Amino acid sequence: MTNYCIGQIEDVPELTEVLKNFHSEGWQNFADYDEEKASEFLSGTIENAEDAVLLAKKDGKIIAVMIGMVYKFAYSNTLVAGDYVWYVVPEERGGMAGIRLMKWYEAWAKRMGAVRVMTGATSGIKTDRAEKLMMRLGYQAVGGRNMVKEV
């Protein structure tokens, strides 16, 4: 059975490993992975009231995570929500954990006062599949895909 919970400081060591897997699967894997920095980011995010760390656990093990925040554009007072990470471990993809975390995140963002959730399939992990899922969840494409160039 899958349980859903808010991330706690005691989850940070396991979350650091989950984030490491996210990093290794995505396009950002060209960059080093600093476990200490990841741990500090996760701890700070868990402690920040304007951030959400939402977890799906199966048999006590993290199988999916949504890490998001509410913020204002540099030029606006309108509150919006965006995500740092929305990740489901490979062996659990195709199930409901990721969808349930996204719906929970949307409800959290609304309670926080956000008027829009901005997300995207920007990690490079199963991009086409992720985009189709987001569209089924009611998201619309805006702008374009991320671009990258080595310098």
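Quick note: residue numbers are just sequence positions, from 1. Values in this document were obtained by computation on a predicted structure and should not be read as measured data.
- The nearest pair of heavy atoms linking Ala81 to Ala114 is N-CB, 3.9 Å.
- Between the side chain of Ser24 and the backbone N or O of Asn21 there is at least one donor-acceptor pair closer than 3.5 Å.
- Distance check, rounded to the nearest 0.5 Å: CD1 of Ile46 to CD of Glu10 gives 8.0 Å.
- The two atoms that bring Glu25 and Pro90 nearest to each other are OE2-CG, 3.5 Å, heavy atoms only.
- Remark: Asp11 CG to Leu42 CG distance equals 10.0 Å, nearest 0.5 Å.
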Apply side chain to side chain contact (heavy atoms under 4.5 Å, CB included) to Glu47 and Ile9, showing your working. CA-CA 8 Å; Glu47 294 173 349; Ile9 291 297; 3.6 Å; yes

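- In this structure, Cys5 and Lys57 approach most closely via the heavy-atom pair SG-CE, 3.8 Å.
- Cluster annotation: Val85 is not connected to Val88 through the hydrophobic network of ILVMFWY side chains, with a link wherever side-chain heavy atoms come within less than 4.5 Å.
- Closest approach of Tyr33 to Thr16, counting heavy atoms only: OH-O, 2.7 Å.
- Shortest non-hydrogen contact noted between Val80 and Met118 is CG2-CE, 3.5 Å.
- The heavy-atom pair separating Arg93 from Arg129 by the smallest distance is C-NH2, 3.9 Å.
- Under a 4.5 Å side-chain heavy-atom criterion applied to ILVMFWY residues, the cluster that includes Ile6 comprises Tyr4, Leu54, Met66, Val70, Leu79, Trp86, Met96, Ile99, Leu101, Met102, Trp104, Tyr105, Trp108, Met112, Val117, Leu133, Met134, Leu137, Tyr139 as well.
- Within the 4.5 Å cutoff, no side-chain heavy atoms of Val65 are placed close to those of Tyr84.
- Contact annotation: the side chain of Arg100 never approaches that of Lys103 to less than 4.5 Å [non-hydrogen atoms, C-beta and beyond].
- Ring geometry for Phe73 against Tyr71 counts as perpendicular: the plane angle is over 60°, on a 0 to 90° scale with 30° as the lower cut.
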